[in-house]
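Keep in mind that the numbers below use all heavy atoms, side chains included, and drop hydrogens, waters and symmetry copies. In this chain, numbering begins with 1 at the start of the sequence shown.
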Amino acid sequence: QVQLVESGGGLVQAGGSLRLSCAASAGRSRGRAFDRLVMGWFRQAPGKEHEFVAALSWTGDSTLYEDSIKGRFTISRDNAENMVYLYMTTLKPEDTATYHCTARGLFGNRTVLATPTRWQFWGQGTQVTVAS
């Protein structure tokens, strides 16, 4: 149904910036077009569980961020182009992880959005490595 493909990862120095992109297919999830999908980002550091990063509502008016990255990362979407972005600044070595673009039907509360199994669709991920 929904296919998500991330890009933009790479190796950066601490304090640097990256913009991750997520290209979504034009498919639907339970009848929902892309502009009726809540989009998000998770990350998985080596040997760690998936960690919630950010989520964005249908219109882009509502956002939710994990506390440790709030103020450094910005999630945005372009519904006309079926694109989602994660703009990351002031990167730290602890940000090193595989970053996954995700999608679900409803925005939900923090508990729901921070739970990986609540998200139906996942991209394969793009690697971000922050060197110190």
Side-chain angles (χ1 to χ4, degrees):
Q1 291 180 309
V2 177
Q3 185 174 1
L4 307 172
V5 180
E6 305 93 335
S7 62
L11 174 64
V12 298
Q13 298 297 313
S17 300
L18 279 176
R19 188 185 74 168
L20 305 184
S21 299
C22 173
S25 73
R28 297 173 181 266
S29 177
R30 296 189 177 184
R32 296 184 177 92
F34 174 77
D35 62 357
R36 288 295 179 268
L37 288 172
V38 175
M39 304 300 299
W41 291 91
F42 280 76
R43 65 186 181 184
Q44 186 175 35
K48 303 295 184 181
E49 299 178 347
H50 285 102
E51 178 188 26
F52 173 74
V53 176
L56 187 65
S57 64
W58 301 342
T59 63
D61 291 334
S62 297
T63 58
L64 182 67
Y65 294 95
E66 193 276 324
D67 288 342
S68 70
I69 56 86
K70 189 175 183 179
R72 298 190 297 120
F73 292 8
T74 301
I75 186 172
S76 63
R77 67 191 297 164
D78 184 343
N79 289 344
E81 300 295 333
N82 291 352
M83 295 291 294
V84 181
Y85 304 98
L86 185 68
Y87 185 65
M88 307 183 293
T89 65
T90 320
L91 284 162
K92 307 174 185 294
E94 52 262 43
D95 295 319
T96 295
T98 299
Y99 284 72
H100 296 267
C101 179
T102 59
R104 71 188 310 274
L106 297 173
F107 192 69
N109 59 31
R110 179 178 291 273
T111 299
V112 169
L113 296 176
T115 303
T117 56
R118 297 292 193 177
W119 295 79
Q120 289 183 295
F121 304 102
W122 289 68
Q124 69 179 43
T126 185
Q127 179 66 38
V128 172
T129 302
V130 184
S132 60

Exercise for review: First locate atom CG of N82, then atom CE of M39, and finally report the distance between them rounded to the nearest 0.5 Å.
Suggested key: 9.0 Å

Check your understanding: Quick one: which of K92, M88, R43 gives a side-chain contact (heavy atoms from CB on, under 4.5 Å) with I69?
Key -> R43

Revision key, fill the gap. Smallest heavy-atom separation, V12 atom then L91 atom, equals CG2-CD1, 3.6 Å

Review point. Hey, is the main chain of S7 close enough, under 3.5 Å, to the side chain of S21 for a donor-acceptor pair?
Key: no

Study note, to complete from the structure: Nearest heavy-atom approach of P93 to S132 is CG-CB, 3.8 Å

Check your understanding: Take atom CD in Q124; do more than 12 heavy atoms of anything else shown fall under 6.0 Å from it?
Key -> no

Exercise for review: Count the heavy atoms belonging to other residues, nucleotides or ligands that lie under 6.0 Å from CZ of R118, then report whether that count exceeds 12.
Suggested key: no

Check your understanding: F42 vs F52 aromatic rings, parallel, tilted or perpendicular, using cut-offs 30° and 60°?
Key -> perpendicular

Review point. Does S17 reach the side chain of R19, with side-chain heavy atoms less than 4.5 Å apart?
Key: no

Check your understanding: More than 12 non-hydrogen atoms from neighbouring residues, nucleotides or ligands closer than 6.0 Å to CD on E94, yes or no?
Key -> yes

Check your understanding: Parallel, tilted or perpendicular: which describes the rings of Y99 and F73, with under 30° parallel and over 60° perpendicular?
Key -> tilted

**Study point:** Joint cluster assignment, L106 & W119, ILVMFWY side-chain distance < 4.5 Å
**Key:** yes

Check your understanding: Could you walk me through whether V38 and W58 pass the side-chain contact (heavy atoms from CB on, under 4.5 Å) check?
Key -> CA-CA 5 Å; V38 175; W58 301 342; 3.7 Å; yes

**Study point:** Derivation of the side-chain contact (heavy atoms from CB on, under 4.5 Å) call for L20 and E6
**Key:** CA-CA 7 Å; L20 305 184; E6 305 93 335; over 6 Å; no

Review point. Is the distance between the ring centroids of H50 and W122 less than 6.0 Å?
Key: yes

Practice item. With side-chain contact (heavy atoms from CB on, under 4.5 Å) as the test, would you mind laying out the steps for Q127 and T96 before giving the verdict? Key: CA-CA 8 Å; Q127 179 66 38; T96 295; 4.0 Å; yes

Practice item. Answer yes if F121 and Y85 sit in the same cluster of Ile, Leu, Val, Met, Phe, Trp and Tyr residues linked by side chain heavy atoms under 4.5 Å apart, and no otherwise. Key: no

Review point. Should W41 and L56 be marked as a side-chain contact (heavy atoms from CB on, under 4.5 Å) after you check the CA-CA gap, both sets of side-chain angles, and the distance that decides it?
Key: CA-CA 9 Å; W41 291 91; L56 187 65; over 6 Å; no

Revision key, fill the gap. OG1 of T59 to CZ of R36, rounded to nearest 0.5 Å, is 8.0 Å

Review point. Backbone N or O of Y87 within a donor-acceptor pair of the R72 side chain at under 3.5 Å?
Key: no

**Study point:** F107 CZ: over 12 foreign heavy atoms closer than 6.0 Å
**Key:** yes

Check your understanding: How long is the gap from CZ on R77 to CE on M83, to the nearest 0.5 Å?
Key -> 12.0 Å

Check your understanding: Atom OG of S68 and atom CG of D95: how far apart are they, to the nearest 0.5 Å?
Key -> 7.0 Å

Review point. Is the side chain of Q120 donor-acceptor paired with the backbone N or O of A103 at a distance under 3.5 Å, no angle test?
Key: no

